[in-house]
Amino acid sequence: MGTHRRHLLQLSLAAGLAPGWLRHARADVAPRFALGIASGHPTPDGMVLWTRLTGADLPARVEVRWEVAEDEAFQRRVASGTEIAEGAWAHSVHAEPAGLKPGRWYWYRFEALGQRSLAGRTRTTPAADALEPLRFAIASCQRWDHGFFAAWHHMLAEELDLVMFLGDYIYEYGSAPGRIRAVEGSAAVTLDQYRSRYAQYKSDPALQAMHAAVPWLYVWDDHEVENDYAGLRGEKIAQDFPARRAAAYQACWENQPLPKAWRPRGMDMRMHGRHAWGRLAVIHALDDRQYRDPQLCTKAGKFGSNTLPLRDCPELLDPKRTLLGAAQERWLAEGWDTTPGRWNLVAQQTLMARMNWNAAEPTYWTDGWDGYAPARNRLLATVRERQVPNVVVLGGDVHSHIVADLKVDFDDLDSPVVASEFCGSSITSWGGKQQRLDEVLPHNPHLHYGRSDQRGYMAFVLDKAGLQATVRSLDDALQPDSAIRSMARFAVENGRAGVQPA
């Protein structure tokens, strides 16, 4: 058995006993690593290593030792250090080892208060001049009370280099009767409530195991704060939303393997960034929540999303409106990699392709890219004008597997395809009726695949020749041991925009 597969098996077995991953701990002492460990934001010489100490009796400041090794037995240690886990930041740890070798796997672990965490597995990205394949998956929308996290168990077997999580890691909603798994407490509004919600989600063994197996790149969406929030405006009209957003942002940073430099300051927190995979690809990670203009033509009595025809909301075509914010739009437009053969992967939150729900009179969903169509047009027009190669947009949010071609003008059947899109379904969150989606696919001819009745993720293999994509769907997310199936396969060829069947 290879080292990789052996380690994944150990992670899976350990996950089944979580939080029993701790060594050298007395039975009468609280577990200190009950929320697991994680890594993220890999670079050619390092990454972020994360954990969050647990236990009601934690001191205000705790010294946490970390170490990185080239081997699973930690005989060849190559980096180590200490961090101070502070109660003011939920005793979270964000260690940032440097000086590691590019393009290789490492093992890491933590130690604090006489206990040692499980060993996790992570890796650095390839050197800048290296042309190495990338195996990755996209996932999103894991609502606790909508099902079990069986998809993470299956993702462990994919032998990935990277996981891109594209939003809705937690849901802020309170408990509801009759659900398959109960949410603890009411709706998250305060810092303590958001922290508790993350702790409940991170208690899941399969999620812990996937975090410990490979590095993650993470971007948020709305439910890390509140459904359909936009900038400094929440969905509910009467509330102190800025304070709620500040609390949610702090809890998010405390519970994800994000850089220290991204630690929030009040209501603001960096989320977008650019990540290179050698000379094969650049990943442009976006934030479509923090800087967006509010949704237009909202329903009576609340803010947030709506679906309606253009005649009822002509303001949707206002070219000044933005989903990313002017500064982030410029950052993206100026940062495309136009090197021939380079892949430009866009990791963002939602469906970018046009989704018209009415053949007789086109409608627009105001919370997604359709609600900001001029901004989408600007983005894709830049791709066309600068001849940006191999643009592949990755998304989530809509609880459906959708595969699409992207055009500058979706109303023009002759408009050229300039990019490809893969929007993955949810880990658990319920989707809409498949019959409804089947009805609208014919008058959205740029959509190659659409399934709202499938929970799961998408897995990819990228090399210089092209991108291979597999749609992975659970038989039943209401079963913790659900089987999984490959429902469809697609490809994107190097130098040819658009999706092809594989």
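Small disclaimer: the values here were computed from a predicted structure and weren't measured. Heavy atoms only: backbone and side chains are in, while hydrogens, waters and symmetry mates are out.
- Both tests hold for Arg274 against Trp331: distance to the six-membered ring centre under 6.0 Å, angle to the ring axis within 45°.
- The cationic atom of Lys260 (NZ for Lys, CZ for Arg) does not lie both less than 6.0 Å from the six-membered ring centre of Trp50 and within 45° of the ring axis.
- For Arg181 and Phe149, the positive end sits near the middle of the six-membered ring, less than 6.0 Å away and at most 45° from its axis.
- Between the side chain of Thr54 and the backbone N or O of Pro31, at least one donor-acceptor pair lies under 3.5 Å.
- No cation-pi contact links Arg109 to Trp66, judged by a cut-off of 6.0 Å to the six-membered ring centre and 45° from its axis.
- In terms of modelled atom types and a separation under 3.5 Å, the side chain of Ser486 and the main chain of Arg472 share no donor-acceptor contact.
- Looking at heavy atoms from C-beta onward, Thr125 lies out of side-chain contact with Asp161 at the 4.5 angstrom threshold.
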Let me see the working for Trp107 and Asp71 under side-chain hydrogen bond (donor to acceptor under 3.5 Å, both in side chains), right down to the final yes or no.
CA-CA 6 Å; Trp107 283 261; Asp71 65 310; over 6 Å; no

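- Salt-bridge formation is detected for the pair Asp268/Arg245: a Lys NZ or Arg NE/NH1/NH2 atom is positioned less than 4.0 Å from an Asp or Glu carboxylate oxygen.
- Of the possible donor and acceptor atoms, one in the side chain of Arg197 sits under 3.5 Å from a partner among the backbone N and O of Tyr173.
- No donor-acceptor pair under 3.5 Å is formed between the side chain of Glu158 and the backbone N or O of Met155.
- Between Trp277 and Phe136, the ring centre distance reaches or exceeds 6.0 Å.
- Contact annotation: the side chain of Glu132 never approaches that of Lys464 to less than 4.5 Å [non-hydrogen atoms, C-beta and beyond].
- Taking the centre and axis of the six-membered ring of Trp369, the NZ or CZ atom of Arg376 falls outside the cone set by 45° and 6.0 Å.
- No salt bridge links Arg244 with Asp240; every basic N to acidic carboxylate O contact stays at or beyond 4.0 Å.
- Side-chain N or O atoms of Thr428 include one that pairs as donor or acceptor with a backbone N or O of Arg143 at under 3.5 Å.
- Judged by distance alone, with hydrogens and angles left aside, the side-chain atoms of Gln256 form no donor-acceptor pair with the main-chain N or O of Cys252 at under 3.5 Å.
- Considering Val398, Asp367, Val393 as possible partners of Thr350, the one that fulfils the side-chain contact (heavy atoms from CB on, under 4.5 Å) test is Val398.
- In this structure, Glu86 and His91 have side chains that are not in contact, with every pair of non-hydrogen atoms separated by 4.5 Å or more.
- Ring to ring, Trp336 and His284 are close: their centroids are under 6.0 angstrom apart.
- Aromatic ring centroids of His41 and Trp262 lie under 6.0 Å apart.
- Asp168 places no side-chain N or O within 3.5 Å of a backbone atom of Asp221 that could act as its donor or acceptor partner.
- Contact of the Glu172 side chain with the Val225 side chain is not registered, since no non-hydrogen atoms from C-beta on lie closer than 4.5 Å.
- Ring-centre distance between Tyr171 and Tyr201: not below the 6.0 Å cut-off.
- Here CG of Leu323 is found 10.0 Å from CG of Leu379. Values are rounded to the nearest 0.5 Å.
- Residues Gln142 and Ser426 fail the side-chain proximity criterion, which asks for heavy atoms closer than 4.5 Å.
- For His94 and Trp253, the ring centers sit closer than 6.0 Å to each other.
- For the pair Arg263 and Trp89, the distance from NZ or CZ to the six-membered ring centre is under 6.0 Å and the angle to the ring normal is within 45 degrees.
- Judged by distance alone, with hydrogens and angles left aside, the side-chain atoms of Arg378 form no donor-acceptor pair with the main-chain N or O of Leu380 at under 3.5 Å.
- The closest donor-acceptor contact from the side chain of Gln200 to the backbone of Ala182 lies under 3.5 Å.
- Taking 4.0 Å as the cut-off between side-chain N and carboxylate O, Glu111 and Arg65 do not count as a salt-bridged pair.
- Tyr198 and Tyr194 have their aromatic ring centers separated by at least 6.0 angstrom.
- When ring centroids are compared, His154 and Tyr457 stay outside the 6.0 Å threshold.
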Worked check of side-chain hydrogen bond (donor to acceptor under 3.5 Å, both in side chains) between Asp397 and Gln349: CA-CA 6 Å; Asp397 181 41; Gln349 290 76 8; over 6 Å; no

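- Under the 4.0 Å criterion applied to side-chain N and carboxylate O atoms, Glu254 and Arg195 are assigned as salt-bridge partners.
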